[in-house]
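Written below as structure tokens is the structure these notes are about.
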Amino acid sequence: MLKRFCSLILCMALICALFSGCGYKSRDLKLEGEYTKDFAGSQLNVYNWGEYISDGSYDMMDVNREFERVTGIHVNYTTFESNETMYSQLKSGGVSYDIIIPSDYMIERLINEDMLEKIDVSKLHNYGYIYDNYKNLFYDKNNEYSVPYNVGMVGIIYNPTMIDEPKHSWKSLWDEKYRGMSLNFSNPRDGFMTAQMILGQDLNTTNKADWDAAANLLKKGKDVLQSYVMDEIYGKMETGEAAIGPYYAGDYLTMLENNEDLEFFYPEEGTNIFVDAVCVPKSVKHKSEAMLYIDFLLEPEVALHNAEYICYASPHRAVVENPEYTYYKNEILYPDPEDMPPVQYYHDIDPEIRAYYENLWIDLKLY
Amino acid sequence: MNKKSFGSRLVAAPYLVWASIFVIVPLVMMAYFAFTDSSGVFTLSNITQIGKYKKAFLVSILYAVAATAITLLISYPMAYFMTKMKVSSQRMVMIIVMLPMWMNFLIRTYSWISILANTGIINTFLKSIGLKPLHLINTPGAVILGMVYDFIPYMILPIYSVMSKIDNSLLEAAADLGSNAFSRLRRVIIPLSMPGVISGITMVFVPSVSTFYISQKLGGNKNWLIGDAIEYLFGAGPEYYNVASAISLILMILILLCLAVMSRFSGDEEGGVIV
């Protein structure tokens, strides 16, 4: 009996030891906006991409925890892994969210389908920090529905210890020299983009022949590829399992922390640029709390922590112009205008064309 | 059977409620989606466009058959020798068989990547002793290995539990009547362990044929198995639910057919524990 009791105590001590490392110390924040405690005890449902907010790891700020401390509002935070998953969740109406952070083309679709609530940006104390070139974009021409959160571009990562410097072109992913060592995207929109850029197409073409041509090009390249990947690319590039593959610039910086050999370039044909922005869906239940949250995300200190944690380019003036920012003047996230590749946004595509290219993508995988 | 008492019905009620909500309703929904278009109108077009997934169906079934055969070849002797061990060792071996199941199978599959990869454990070892590295990952072999590894406990456990119940006096009787070891195995042990084999085959074949994760991680994600196609379509948006349901429905029918054929060949009328 005593023996059992002792082992029970030991087990509990072990478990406590495991969790004791997780203590989070809140910070002294210099906040510029005003955050009332009027809504203390209320709830806020936030739906964001995975790994897309500073969460207190690496000794950084836990943004949601700080927001809870400042306002007394409880944040229910859930994540999605693609715009499409988020869209079907929202469409199914099973759950209600107060804050979502989709990408540009998805915002365009949500606005067209009347699924977003208007945001009065003049009520946001910190909205002025957003650069003008990320305002009035195609998906939200009058800045009525969204507040930019992150900006990203796609480029090619390669490992110079495995291969010589490749041609700065998407064609490198098709190069026979890299047979079995190259990767490509496993989601259709980005996958097609790599071929569309080579063919010099408009990424949002409604001409079916263009999509056919891009699909044929992808088919030709399939045999050379090692695999189609999304986040597996981290492991594959970091360990040297693959030598070359396309991914988002910010994620390259994360990989660099684990393998400093890796190099990156923007292909000369041009690339995709995207903006992820904070929106409020029509099904919102806590609008005022949501406005406080958006303002909080725009706080210079909060935005800085998010930008450092996520590693994507920030549309926030106080972050980009802060000399203490890790990626201050980083030439990959913030290329000089003359080094900037030609960029194209994804737009929301007509459902018929979307069905058409999805079908081509399925054929590619079933080939 | 006699009329069931109120009490026994009450005891069965929780599972019946569970089964109707989480088994029957989803099946009905799947059938409904399979025969309607996205606006809910009856159509056969989902079924007719399945032709292009023919190869994915075929390859999935082939892989699953191979994986099931390999698991059976490993598990049957394993289960047999387990029954011959001391009771305490049997328990030990049982724990070893079950141990991997304590971890999530996604993680176990993922860790095979670091074993089989070109820069993985096996190839690093081969290179360090001066041998040529092998191309292991992103091959059909890697996918089948993944299936065998993930599902082998589901084969060993039912065979073992049936075998351990075989009465030793039957074997003694067979020996007394002049059976040699081989004929005891063929005429006594195999027929009596058939129910375990059948349920083992079912429990390995069904998840293998519909798997999607293993093939993506260990097979390079270049050519889909049918499970990958279903997973992709469900993720592509609500407008693909109908086709995805149609494929799932056909897959279920094919699985039932495979199992029916198998239990016919096994020739054991009372062996249908699961099927």
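Letters A, B, ... are given to chains in the order of the sequence lines, protein chains preceding strands, and every chain is numbered from 1.
Contacts between B:L233 and chain A at a heavy-atom distance below 4.5 Å involve the side chain alone, from C-beta outward. A:N83 does not touch chain B: none of its heavy atoms, backbone or side chain, sits under 4.5 Å away. Contacts of A:A355 with chain B are made by both backbone and side-chain atoms, with heavy-atom separations under 4.5 Å. Of the two parts of B:I113, neither the backbone nor the side chain holds a non-hydrogen atom closer than 4.5 Å to a non-hydrogen atom of chain A. When heavy atoms are compared at a cutoff of 4.5 Å, B:Y240 approaches chain A solely by way of its side chain, counted from C-beta outward. If you measure heavy-atom distances from B:N138 to chain A, the contacts under 4.5 Å come from the side chain alone.
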Step by step, work out the side chain to side chain contact (heavy atoms under 4.5 Å, CB included) result for A:Q226 and B:N118.
CA-CA 11 Å; A:Q226 180 187 98; B:N118 299 326; 4.2 Å; yes
How far apart are the C-alpha atoms of A:L366 and B:K54, what are their side-chain angles, what is the distance that settles it, and do they pass the side chain to side chain contact (heavy atoms under 4.5 Å, CB included) test?
CA-CA 9 Å; A:L366 291 171; B:K54 218 167 31 203; over 6 Å; no
Could you walk me through whether B:E239 and A:E358 pass side chain to side chain contact (heavy atoms under 4.5 Å, CB included), step by step?
CA-CA 11 Å; B:E239 59 270 42; A:E358 280 282 0; over 6 Å; no
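A 6.0 Å sphere centred on NZ of A:K220 holds no more than 12 heavy atoms belonging to other residues, nucleotides or ligands. The 12-atom threshold is not exceeded at CD of A:E51, counting heavy atoms of other residues, nucleotides or ligands nearer than 6.0 Å. Residue A:E81 places its CD atom among 12 or fewer non-hydrogen atoms of other residues, nucleotides or ligands, all under 6.0 Å distant. The local environment of CZ in B:F42 is crowded, with over 12 non-hydrogen atoms from other residues, nucleotides or ligands closer than 6.0 Å. Atom CG of B:N104 has more than 12 heavy atoms from other residues, nucleotides or ligands within 6.0 Å. By the 6.0 Å contact criterion, CE on A:M162 is enclosed, its count of non-hydrogen atoms from other residues, nucleotides or ligands being greater than 12. Counting heavy atoms of neighbouring residues, nucleotides and ligands inside a 6.0 Å radius, atom CZ of A:R179 exceeds 12 of them. Around atom CE of B:M85, more than 12 heavy atoms belonging to other residues, nucleotides or ligands sit under 6.0 Å away.
With B:K222 contributing its side chain and A:L225 its backbone, the two residues share a donor-acceptor pair below 3.5 Å. Using modelled atom types, no side-chain atom of B:N221 and backbone atom of A:S227 make a donor-acceptor pair closer than 3.5 Å. Between the side chain of A:E241 and the main chain of B:T119, a donor-acceptor pair closer than 3.5 Å is present.
In this structure, the separation between CD1 on A:I362 and OH on B:Y53 is 4.0 Å, given to the nearest 0.5 Å.
Between A:N359 and B:K52, the closest side-chain pair of non-hydrogen atoms falls below 4.5 Å. Contact of the B:Y232 side chain with the A:S186 side chain is not registered, since no non-hydrogen atoms from C-beta on lie closer than 4.5 Å.
At a cut-off of 3.5 Å, with distance as the only test, no side-chain donor of B:Y110 or A:E232 sits close to an acceptor on the other residue.
Counting heavy-atom pairs closer than 4.5 Å to chain A, the top-ranked of the candidates B:A117, B:S114, B:P238, B:A56 is B:A117.
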